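All values derive from a computational prediction rather than experimental measurement.
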Amino acid sequence: MQHQPRHSKINKMEGERGAALLATTLAVIIILLAMGLSMTSSGLFEGFMSKAQSDSREAFAAGQSGIKDAYLRIARNKGFSSAGYYIPTGCTMNGGTLCTKVIVEKDTASTCSQSISAGQDCLIVAGTLNSMTRTIEVILNVNATNGKITQASWKEI
């Protein structure tokens, strides 16, 4: 029977420990990498969501400004109507800058989702920023005799 030298057993044990250490190190690296990628993607997602919410709020504010603009035009001219005008003039809907389109229908509704009658105006206002659009529809009672304007309904569509 041949006798193995003692140093070959030690080398074999150290080799097994080295392989186990390598496997453990790789497992830890993979787990840390997965955690890092998860945190990075979560941060990016939150950033995109925050931007979309901000754009939506600004588009809504632009729509409200368009409603106020239409109120002023109607207050100055009780017969005012428009197939559509833009604020600011010449802006592009769903572009990279804030844009508002205002439609004012008088006495009859073609674009309005609700029916209106004589003495009523329907305002359809869309505010946009980037890919976010918020649309508001307002029905006004406009008394051409005494100039009184009252809001009959307001809804986001």
Side-chain angles (χ1 to χ4, degrees), residues 18-157:
L21 181 61
L22 179 62
T24 303
T25 303
L26 285 174
V28 169
I29 288 172
I30 289 171
I31 290 169
L32 291 175
L33 182 62
M35 288 173 54
L37 289 173
S38 174
M39 286 189 278
T40 300
S41 66
S42 177
L44 289 172
F45 178 73
E46 290 295 324
F48 289 134
M49 290 301 296
S50 176
K51 175 72 172 132
Q53 288 175 339
S54 174
D55 288 354
S56 178
R57 281 191 304 274
E58 288 191 48
F60 185 74
Q64 289 180 313
S65 294
I67 295 291
K68 290 177 185 175
D69 183 82
Y71 265 82
L72 288 173
R73 290 177 189 236
I74 293 167
R76 291 182 188 133
N77 174 8
K78 302 302 179 269
F80 179 79
S81 68
S82 173
Y85 65 92
Y86 294 89
I87 304 169
T89 303
C91 67
T92 304
M93 298 297 281
N94 292 323
T97 60
L98 210 51
C99 185
T100 306
K101 181 179 182 182
V102 181
I103 298 171
V104 179
E105 296 181 334
K106 180 142 205 69
D107 301 329
T108 59
S110 61
T111 306
C112 192
S113 70
Q114 304 173 58
S115 61
I116 60 173
S117 58
Q120 288 189 314
D121 290 0
C122 179
L123 314 178
I124 303 107
V125 180
T128 66
L129 179 60
N130 296 319
S131 63
M132 299 306 293
T133 300
R134 302 282 295 267
T135 303
I136 304 167
E137 185 177 271
V138 177
I139 305 295
L140 300 177
N141 294 315
V142 181
N143 187 321
T145 306
N146 65 15
K148 186 175 181 180
I149 301 171
T150 56
Q151 182 175 300
S153 72
W154 184 105
K155 69 178 182 176
E156 186 172 4
I157 53 175

Residues Ile103, Val125; criterion side chain to side chain contact (heavy atoms under 4.5 Å, CB included); working and verdict
CA-CA 6 Å; Ile103 298 171; Val125 180; over 6 Å; no
Distance alone, cut at 3.5 Å: any donor-acceptor contact between the side chains of [X] and [Y]?
| X | Y | value |
| --- | --- | --- |
| Thr133 | Asn94 | yes |
| Glu105 | Ser110 | yes |
| Glu156 | Thr135 | no |

Please evaluate residues Asp121 and Ile116 with respect to the criterion side chain to side chain contact (heavy atoms under 4.5 Å, CB included), reporting the C-alpha separation (whole Å), side-chain torsions for both, the decisive distance (0.1 Å), and the verdict.
CA-CA 7 Å; Asp121 290 0; Ile116 60 173; 5.7 Å; no
Checking [X] side chain against [Y] main chain: does a donor-acceptor pair fall under 3.5 Å?
| X | Y | value |
| --- | --- | --- |
| Gln120 | Ser117 | yes |
| Glu137 | Ser113 | yes |
| Asp107 | Gly119 | yes |
| Ser65 | Ala61 | yes |
| Thr25 | Leu21 | yes |
| Asn130 | Met132 | no |

Smallest separation among heavy atoms of [X] and [Y], with atom names:
| X | Y | result |
| --- | --- | --- |
| Ser81 | Lys106 | CB-CB, 4.0 Å |
| Cys99 | Met93 | SG-SD, 3.7 Å |
| Ile136 | Val138 | CG2-CG2, 4.0 Å |
| Gly90 | Tyr86 | N-CB, 4.3 Å |
| Ala152 | Asn141 | CB-ND2, 3.7 Å |
| Leu129 | Ala59 | N-CB, 4.1 Å |

Rounded distance (nearest 0.5 Å) linking atom [atom1] of [X] with atom [atom2] of [Y]:
| X | Y | atom1 | atom2 | answer |
| --- | --- | --- | --- | --- |
| Phe60 | Asp55 | CZ | CG | 15.5 Å |
| Gln114 | Ser153 | CD | OG | 4.0 Å |
| Ile67 | Gln151 | CD1 | CD | 8.0 Å |

Do [X] and [Y] have side-chain heavy atoms sitting under 4.5 Å apart?
| X | Y | answer |
| --- | --- | --- |
| Leu98 | Glu58 | yes |
| Asp69 | Ile87 | yes |
| Ile74 | Ile149 | yes |
| Arg73 | Tyr85 | yes |

I would like to know whether Cys112 and Ile139 meet side chain to side chain contact (heavy atoms under 4.5 Å, CB included); could you show each step before the answer?
CA-CA 9 Å; Cys112 192; Ile139 305 295; 3.6 Å; yes
Tyr71 ring centre to Arg76 NZ or CZ under 6.0 Å, with the angle to the axis within 45°?
no
Check against side chain to side chain contact (heavy atoms under 4.5 Å, CB included), Asn143 and Asn146
CA-CA 6 Å; Asn143 187 321; Asn146 65 15; 3.1 Å; yes
